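A quick note: this is a predicted structure, and the numbers were derived from the prediction, not measured.
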Amino acid sequence: MTNKKDVLLLFGGESTEHDVSIASARNVFAAIDTTNYDVYLCFIDRTGQFWHVTEVVDHVPEGAQELLPHLGKAGFVTREGKTVDVDVLLPILHGRNGEDGALQALAQLLHIPIVGCDMASSSLSMNKLATKRVVDDCAIPIVPYQVHHVSDDVPAFDGITKDLGNVLFVKPVNAGSSIGVSRVTNQHEWEAAVSLAH
């Protein structure tokens with residue numbers, strides 16, 4: 001008799017980190033102890049559709065069945081009516097709709113435990129500005145920073161360096177895996193970095 005847990009490993013996703021997620025999922029799937037866990041795979045395509053697949057893929061394979069959330073029922077169902085009930089969700093997702101609280105909220109509605117933080121913690125932690133404000137409010141030291149909004153004029157590099165130093169790191173407020181991150185040392189790099197981050 002076995003007490004194996006059913007795990008749904010989710011990967012892919014809508015974010016700019018889609019390909020990073022697939023690479024991570026390959027490593028995680030290869031490392032999971034299948035003597036203790038039965039692992040089901042869910043590929044999330046770039047449009048956000050969930051697909052039941054049998055291996056870690058980078059596209060929707062022919063014959064794959066779409067997975068639909070079965071809210072309140074601790075599982076998913078295919079359009080053909082097959083149920084996929086699992087004990088836990090294992091998100092190997094990066095960025096938007098994976099780490100930002102959206103999937104964690106879905107897990108809560110599904111009544112399925114999810115590996116990692118809850119919805120509120122995930123949402124807060126994904127936003128660099130919100131995180132800095134909370135950390136600063138707790139009197140934990142942080143490096144100086146400034147926020148630039150897409151609707152603002154881009155200030156001169158020399159003006160920014162007076163407050164932040166001669167080497168800057170520009171990054172989007174809501175992204176990970178170093179997507180959109182630039183090291184900046186002059187006006188030309190500064191303008192390109194701000195454009196890339198937005």
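Taking the side chain as every heavy atom from C-beta outward, Leu9 and Phe29 approach each other to under 4.5 Å. By the 4.5 Å heavy-atom criterion applied to side chains, Val39 and Leu41 are counted as neighbours. Val28 has its side chain within reach of Leu90: a pair of non-hydrogen atoms, C-beta onward, lies under 4.5 Å apart. The side-chain heavy atoms of Asn97 and Ser15, taken from C-beta on, include no pair separated by under 4.5 Å. Taking the side chain as every heavy atom from C-beta outward, Pro69 and Leu106 approach each other to under 4.5 Å.
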| field | Stepwise side-chain hydrogen bond (donor to acceptor under 3.5 Å, both in side chains) check, Gln187 with Glu191 | value | CA-CA 6 Å; Gln187 179 69 31; Glu191 292 174 2; 2.7 Å; yes
| message | Go through it in stages, so that I can follow the logic: the residues are Leu168 and Phe157, the test is side chain to side chain contact (heavy atoms under 4.5 Å, CB included), and I'd like the CA-CA distance, side-chain angles, deciding distance and then a yes or no. | response | CA-CA 9 Å; Leu168 307 178; Phe157 177 75; 3.7 Å; yes
| query | Could you walk me through whether Tyr40 and Val86 pass the side chain to side chain contact (heavy atoms under 4.5 Å, CB included) check? | reply | CA-CA 8 Å; Tyr40 299 91; Val86 295; 4.2 Å; yes
| said: Before you tell me yes or no, could you show the steps for Asp100 and Asn174 under side chain to side chain contact (heavy atoms under 4.5 Å, CB included), namely the whole-Å CA-CA distance, both residues' side-chain angles and the distance that decides it to 0.1 Å? | reply: CA-CA 8 Å; Asp100 62 359; Asn174 268 324; 5.9 Å; no
| message | Determine whether Glu66 and His52 satisfy the following criterion, side chain to side chain contact (heavy atoms under 4.5 Å, CB included), listing intermediate values before the conclusion. | response | CA-CA 6 Å; Glu66 186 178 5; His52 188 212; over 6 Å; no
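For the pair Glu17 (side chain) and Arg96 (backbone), a donor-acceptor distance under 3.5 Å is absent. In this structure, Ser121 contributes its side chain and Cys117 its backbone to no donor-acceptor pair below 3.5 Å. Side chain of Thr78 to backbone of Leu67: no donor-acceptor contact under 3.5 angstrom is found. Under a 3.5 Å cut-off, the side chain of Ser123 and the backbone N or O of Met119 do not form any donor-acceptor pair. A donor-acceptor pair under 3.5 Å is formed between the side chain of Gln104 and the backbone N or O of Gly101. Ser122 places a side-chain N or O within 3.5 Å of a backbone atom of Asp118 that can act as its donor or acceptor partner. Side-chain atoms of Thr83 never come within 3.5 Å of backbone atoms of Asp85 as a donor-acceptor pair (strictly under, hydrogens ignored). Checked by atom type and distance alone, the side chain of Trp190 never pairs as donor or acceptor with a backbone atom of Ile160 at under 3.5 Å.
Listed by first then second residue, pairs satisfying ring-ring contact (aromatic ring centres under 6.0 Å, His included) with a partner in residues 124-151 read His148-His198, not counting sequence neighbours. The salt bridge (charged side-chain N to carboxylate O under 4.0 Å, His left out) analysis of residues 126-141, with sequence neighbours excluded, yields no pairs.
Val7 and Val56 end up in the same hydrophobic cluster when Ile, Leu, Val, Met, Phe, Trp and Tyr side chains are linked at under 4.5 Å. Taking hydrophobic clusters as Ile, Leu, Val, Met, Phe, Trp and Tyr residues chained together by side-chain heavy-atom distances below 4.5 Å, Phe50 shares a cluster with Leu109. Under the 4.5 Å side-chain heavy-atom criterion for grouping Ile, Leu, Val, Met, Phe, Trp and Tyr, Val194 is not connected to Leu129 through any hydrophobic cluster. Hydrophobic clustering (ILVMFWY, side-chain heavy atoms < 4.5 Å, transitive): Val84 and Leu93 are in one cluster. Note: the hydrophobic cluster containing Leu196 does not contain Val173 (ILVMFWY, side chain heavy atoms under 4.5 Å, direct or indirect links).
The closest side-chain donor-acceptor pair between His94 and Ser24 falls under 3.5 angstrom.
Screening Thr34, Asp38, Asn36, Thr35 against Lys4 for a side chain to side chain donor-acceptor pair (under 3.5 Å) leaves a single residue, Asp38. If you run side chain to side chain contact (heavy atoms under 4.5 Å, CB included) between Ile114 and each of Leu8, Leu89, Leu10, only Leu89 comes through.
Residues Ala64 and Val53 approach most closely at CB-CG1, 4.4 Å, considering heavy atoms. Closest approach of Leu103 to Pro91, counting heavy atoms only: CD2-CB, 3.6 Å. Residues Leu124 and Ala130 approach most closely at CD1-CB, 3.6 Å, considering heavy atoms. Here the shortest heavy-atom pairing between Val57 and Phe11 reads O-CE1, 3.3 Å. Across every non-hydrogen atom of Ile92 and Ala25, the tightest pair is CG2-N, 3.5 Å. For Ile112 against Val88, the heavy-atom pair with the smallest separation is CG2-CA, 3.8 Å.
Listed by chain and number, the residues in a side-chain hydrogen bond (donor to acceptor under 3.5 Å, both in side chains) with Asp45 are Thr47, Trp51 (sequence neighbours excluded). By the ring pair (Phe, Tyr, Trp, His ring centres under 6.0 Å) test, His18 pairs with Phe43, sequence neighbours left out. Taking Lys73 as the reference, His70 meet the side chain to side chain contact (heavy atoms under 4.5 Å, CB included) condition, with sequence neighbours excluded.
The local environment of CG in Asn166 is sparse, with at most 12 non-hydrogen atoms from other residues, nucleotides or ligands closer than 6.0 Å.
Once rounded to the nearest 0.5 Å, the distance linking CD of Gln65 with CD of Glu80 reads 4.0 Å. Expressed to the nearest 0.5 Å, how far CD1 of Ile32 lies from OH of Tyr37 amounts to 8.5 Å.
Under the 4.0 Å criterion applied to side-chain N and carboxylate O atoms, Arg46 and Glu14 are not assigned as salt-bridge partners.
In the hydrophobic clustering (ILVMFWY side chains linked at under 4.5 Å, chained through shared members), Phe169 is joined by Val167.
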